[in-house]
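Contents: one structure, followed by commentary.
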Amino acid sequence: MRNRATAIRIVVIVWIVAAVAGDVALALGPIPPGQASDLASSESLVILLLAEIAWPVFSAVLAALFFTLVVNRLAPPTAEVSAEALRGNTRAQTTWIVATLVIVLSLAVYGTVALAIDQPGAGISTVSASLPQPASADQPLEVQVIAQQWWFTYRYPSYGGIETAQLVLPVNQKIQFHITSLDVTHSFWFYALGVKADAVSLNDNVVTATPTQTGTYRIQCSELCGLWHGNMADNTAMVVSSSAFATWIQQQTTLDAPIMKFLAPYSHTYEPSAQLIYGS
Amino acid sequence: MRSRFWILVAGVVVAGVLVGFFVTRFLNPTPPQIAATTTSTTLQGRPVVSFNLTTVAAVGTAGQGNGEHPNWVGYLPTTFLKVPAGAVVHMTIDQQDGQTGLRNEYLGLVRGTVNNQMTLNGKVMSALDPSLAAHTFTIPDLGVSVPLEGVASNAPANAQEVIEFDFVVPDTPGLFRWQCFVPCAAGTLYGNGGPMQTLGYMAGELQVG
């Protein structure tokens with residue numbers, strides 16, 4: 001019995017050390033998707049929080065498993081014995097249920113509050129006209145993402161509705177992505193910014209994020225969408241300084257000049273023509 | 001009993017061979033890859049190579065699948081192209097299909113070609129009225145996109161539009177997909193099925209190097 005008590009102490013000490021070391025390592029290590037935007041930072045924080053809570057629980061399960069299999073096992077009976085009735089351990093059960101309730105309810109409250117603060121958050125499908133539009137100087141830059149088998153293009157309604165094949169954003173500027181599709185369902189995934197939302201035909205999916213780090217990033221489609229789905233990606237999305245963004249917009253405006261008179265008026269969704277619906 | 005066993009083994013082997021044949025055929029497109037024709041000219045200090053493709057409303061017995069889908073729209077003779085690294089590709093496309101119209105008008109813009117221009121029946125252009133397009137020749141990863149005007153419905157029989165443009169391929173070898181962005185697959189939902197989803201018709205690969 002004394003050896004058993006010693007083994008329990010050792011297992012508990014090992015668990016505490018592993019739990020603390022793991023949580024410290026998680027706090028020091030990189031957590032996806034990173035810190036390239038306010039949204040990404042928020043997601044990283046949630047992932048870190050969940051991991052910090054989950055790791056001690058997971059290591060406790062492993063410690064209990066080890067204790068049960070190695071320390072607490074009974075030697076095979078030498079003669080046939082009658083099974084003893086099992087009785088519950090009220091204290092252990094109460095502790096387990098209360099701890100689980102506290103953890104789950106705390107996370108539920110935290111998640112609900114985080115979602116409420118982030119409005120409009122990732123991938124809220126809505127009619128844009130009903131969205132609360134900020135009226136302050138912090139008004140977001142609207143950028144439309146148009147998915148089509150198999151390419152993303154982008155429109156900038158604040159700059160005459162020009163359309164581009166490359167996504168370039170100014171740093172530290174709140175961006176309101178309006179995501180739609182011209183055919184099947186796609187998904188716009190700007191991993192580094194923590195933005196991932198479905199692109200659905202005749203729907204306007206709104207996501208807001210503020211890029212906080214300049215750089216070149218990858219965008220890809222994350223909804224299986226046909227033959228070239230795997231190639232519906234772009235490694236040239238950029239977050240640049242506001243002056244570089246202004247220069248880029250000017251260049252794109254010049255490049256777009258020949259097509260501007262043909263572009264459809266800016267809209268949050270685009271109806272296909274009857275000719276395209278019924279085939280040629 | 002023993003003969004039954006061997007019949008079963010033979011059946012499994014035959015089924016395996018058939019499945020293997022189907023998978024191999026699926027993974028390896030049947031149309032041959034064509035290499036660009038070399039020319040003696042240079043542009044921007046780079047060698048110029050050329051292709052001559054034709055777009056047709058129905059491939060018939062030519063092209064991908066050896067007549068498997070004769071009524072499908074397609075590029076001929078193939079959509080698998082090979083060019084040397086660092087070359088300038090001079091592309092001539094004899095466009096024989098009718099006008100469908102672009103789903104995204106932006107793709108009516110000529111992009112990624114030399115001077116961002118093409119010629120349509122000898123006339124230099126930077127953009128095409130999207131409603132007149134029959135197809136596009138677009139290589140997204142190279143930023144190349146050229147709209148191809150369709151033959152008007154009142155044009156004489158055997159009429160075609162000739163589109164020419166030049167674009168530069170990278171100096172390093174690579175494999176680039178290219179495709180048409182006009183939903184031109186008649187008879188399929190939103191024009192996006194069949195030949196739009198099958199290599200060898202309205203989609204292909206450009207091998208550089």
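Protein chains get the first letters and strands the later ones, always in sequence-line order, with residue 1 at the start of each. Basis for what follows: all heavy atoms, side chains included, without hydrogens, waters or symmetry-related copies.
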Cut-off 3.5 Å, side chains only: do [X] and [Y] have a donor facing an acceptor?
X: E149(B); Y: H135(B); answer: no
X: H90(B); Y: E164(B); answer: yes
X: Q95(B); Y: T55(B); answer: yes
X: Q117(B); Y: D166(B); answer: no

With a 4.5 angstrom heavy-atom cut-off, which part of [X] approaches chain A: side chain, backbone, both or neither?
X: L128(B); value: backbone
X: N192(B); value: both
X: Q197(B); value: both
X: M125(B); value: neither

Looking at N235(A), I want to see if its CG is surrounded by more than 12 non-hydrogen atoms of other residues, nucleotides or ligands under 6.0 Å.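 Yes, enclosed.
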Given heavy-atom pairs under 4.5 angstrom as the criterion, report whether the side chain, backbone, both or neither of L255(A) touches chain B.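 Both parts, heavy atoms under 4.5 Å.
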Does any heavy atom of chain B fall under 4.5 Å from the side chain of A257(A), the backbone, both, or neither of them?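 Neither part, no heavy atoms under 4.5 Å.
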With chain A, which of A127(B), G143(B), S145(B) has the greatest number of heavy-atom pairs at distances under 4.5 Å?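 That would be A127(B).
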Salt-bridge present (D256(A), K261(A); N to O < 4.0 Å):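 Judged by the 4.0 Å cut-off on N to carboxylate O distance, D256(A) and K261(A) do not form a salt bridge.
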